[in-house]
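Have a look at the structure below before the remarks.
Order of listing sets the numbers, starting from 1, for every ligand and every atom in it. Bear in mind the structure is a predicted one, so any value in this text is a computation, not a measurement.
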Amino acid sequence: MKIVITGGAGFIGSNLAGMLAEHPEVTQIRVIDNLSTGFKENLAGLDVHFLEGDIQDTALLDQACHGADAVVHLAALPSVPRSVKDPLASHHANATGTLQVLEAARRAGDLHVIAASSSSVYGANPHIPKHENLTVAPMSPYAVTKLATEAYLGAYHHSYGLPVLPFRFFNVYGPGQRADHPYAAVIPKWISATLAGQPVTIHGDGTQTRDFTYVGTVCHVLTDALLRRVVDPRPVNLAFGSRTSLLDLIREIETATGLRACREHVPGRVGDVPHSQADSTRLRALFPEVATTALQEGIPTTVDWFRQRPTSDV
Ligand code: NAD
């Protein structure tokens, strides 16, 4: 199998490349990435065909997709605050970019397309847990771009018979997720701050909850979906129904680091949803073999990754 990963130099994409490289069925991994938020070094030591460039570049996309079997489409500008600051950039990369990938998949002979949508599409809908048939209510431009991503996959399935599988990722964390940029996610930011003896900044009172999902588990599901060619035009939640408050998360980080975190509360952020927890019924039915990774296991592994990196680098 020849697999294309868009955004493969990013956090989830590089973890996926590492996992796919272990599978004998996978004969070639091709990554297309413009390195806007990813790093070539994330792929160091992996046997990957790297195409540096943008998914808006149709010629490059065609080169990546030629003779391939499947595309895992992860390339995107992945941040709610970033999209609030510059909605057009997020739309361009995430929504138009998805359309470009789908067109390339079609031109290359109906490749299997798996793509990353996001739990943010549930937005203002307060129902917990989030099951896939709930009314979506995006609260940020980012969430709209992800809704467009999954909707385009569905539309390409119905209009052209393209074999697709859109996933709604929840809060993915783990080794490879960096803290050294303004739009860093909460887990890398807080681990990095705690290790450096700096305060952890909590937006709001910290009672917000999230369904944190370990990156290894996400990559297992993606790998299984590729190898078994799982097709479904309806979005599937990729999380296992855990519900951790941000205050509890800090306690997990303190346990794993053996350090005390200094809490600093600041006002809540525009576009942030209060609670997020997946209903994983459809995921478990489609991927019965995949087991979840508890936070008590995933956080220490992530802390280890941070400890092994030069402090200027994370
Ligand atoms: P990431 O920023 O580490 O990876 C995204 C990659 O896409 C980067 O390597 C970046 O350089 C590349 N990229 C961005 N725009 C591009 C373009 N126009 N052309 C080519 N490459 C481009 O982010 P991640 O956390 O690995 O996220 C991967 C996907 O999962 C994204 O689509 C994101 O929206 C989605 N997602 C992530 C989470 C999470 O918790 N990490 C949650 C929900 C959804």
Practice task
Could you check atom 28 (C) of ligand 1 against the protein and tell me its nearest heavy-atom contact, residue, atom and distance included?
Solution key: L74 O, 3.5 Å
Fill in the blank from the handout: atom 23 (O) of ligand 1: of G10, G13, P78, the nearest heavy atom sits on P78
Exercise for the section: Decide whether R210 and Q208 meet the rule of one side-chain donor and one side-chain acceptor closer than 3.5 Å. Expected result: no
Exercise for the section: Before signing off on this row, confirm whether I32 and ligand 1 have an N or O atom pair separated by under 3.5 Å. Expected result: no
Fill in the blank from the handout: atom 27 (O) of ligand 1 has as its nearest protein heavy atom I12 CD1, 3.9 Å
Practice task
Enumerate the atoms of ligand 1 whose separation from the nearest heavy atom of N171 is less than 4.0 angstrom.
Solution key: 40 (O)
Fill in the blank from the handout: If you compare G38, S36, A76, A239 by their heavy atoms, the one closest to atom 5 (C) of ligand 1 turns out to be A76
Handout entry: S276 side chain to D211 backbone, donor-acceptor under 3.5 Å
Key = no
Exercise for the section: Measure from NZ or CZ of R243 to the centre of the six-membered ring of F212, then state whether that distance is under 6.0 Å and the direction lies within 45° of the axis. Expected result: no
Exercise for the section: Identify which of N15, L43, T37 has a heavy atom lying nearest to atom 2 (O) of ligand 1. Expected result: T37
Exercise for the section: Indicate the ring-plane relationship of H127 and H131, choosing parallel, tilted or perpendicular according to the 30° and 60° boundaries. Expected result: perpendicular
Completion exercise
closest protein heavy atom to atom 17 (C) of ligand 1 is N34 ND2, 3.2 Å
Exercise for the section: List every atom of ligand 1 that sits less than 4.0 Å from any heavy atom of L35, numbering the atoms from 1 in the order shown and giving each element. Expected result: 11 (O)
Handout entry: ligand 1 contact by G97, heavy-atom criterion under 4.0 angstrom
Key = no
Practice task
Check the pair V290, D224 against side chain to side chain contact (heavy atoms under 4.5 Å, CB included), reporting the backbone distance first and the verdict last.
Solution key: CA-CA 8 Å; V290 180; D224 196 26; 4.3 Å; yes
Problem - Electrostatic pair R251:E254 at N-O distance under 4.0 angstrom - result: no
Handout entry: Y183, F170, F39, Y142: member with heavy atom nearest to atom 33 (C) of ligand 1
Key = Y142
Practice task
Please confirm whether R178 makes a cation-pi placement over F39, using NZ or CZ under 6.0 Å from the six-membered ring centre and within 45° of the ring normal.
Solution key: yes
Exercise for the section: Pick, from V218, V186, V172, the option with the minimum heavy-atom distance to atom 39 (C) of ligand 1. Expected result: V172
Handout entry: Among W190, F11, F306, Y214, ring-ring contact (aromatic ring centres under 6.0 Å, His included) partner for Y173
Key = Y214
Practice task
Check if K146 has a non-hydrogen atom at a distance under 4.0 Å from any atom of ligand 1.
Solution key: yes
Exercise for the section: State the atoms of ligand 1, each with its element, that fall below the 4.0 Å cut-off from a heavy-atom position in A116. Expected result: 29 (C), 30 (O), 32 (O), 35 (C)
Handout entry: S14 near ligand 1 by a heavy-atom separation under 4.0 Å
Key = no
Handout entry: Check: H73/T98 side-chain N/O donor and acceptor closer than 3.5 Å
Key = yes
Problem - Short N-O contact, D232 and R282, less than 4.0 angstrom - result: yes
Problem - Nitrogen or oxygen of D33 less than 3.5 angstrom from that of ligand 1 - result: yes
Exercise for the section: Compute the minimum heavy-atom distance from S117 to ligand 1 and say whether it is under 4.0 Å. Expected result: yes
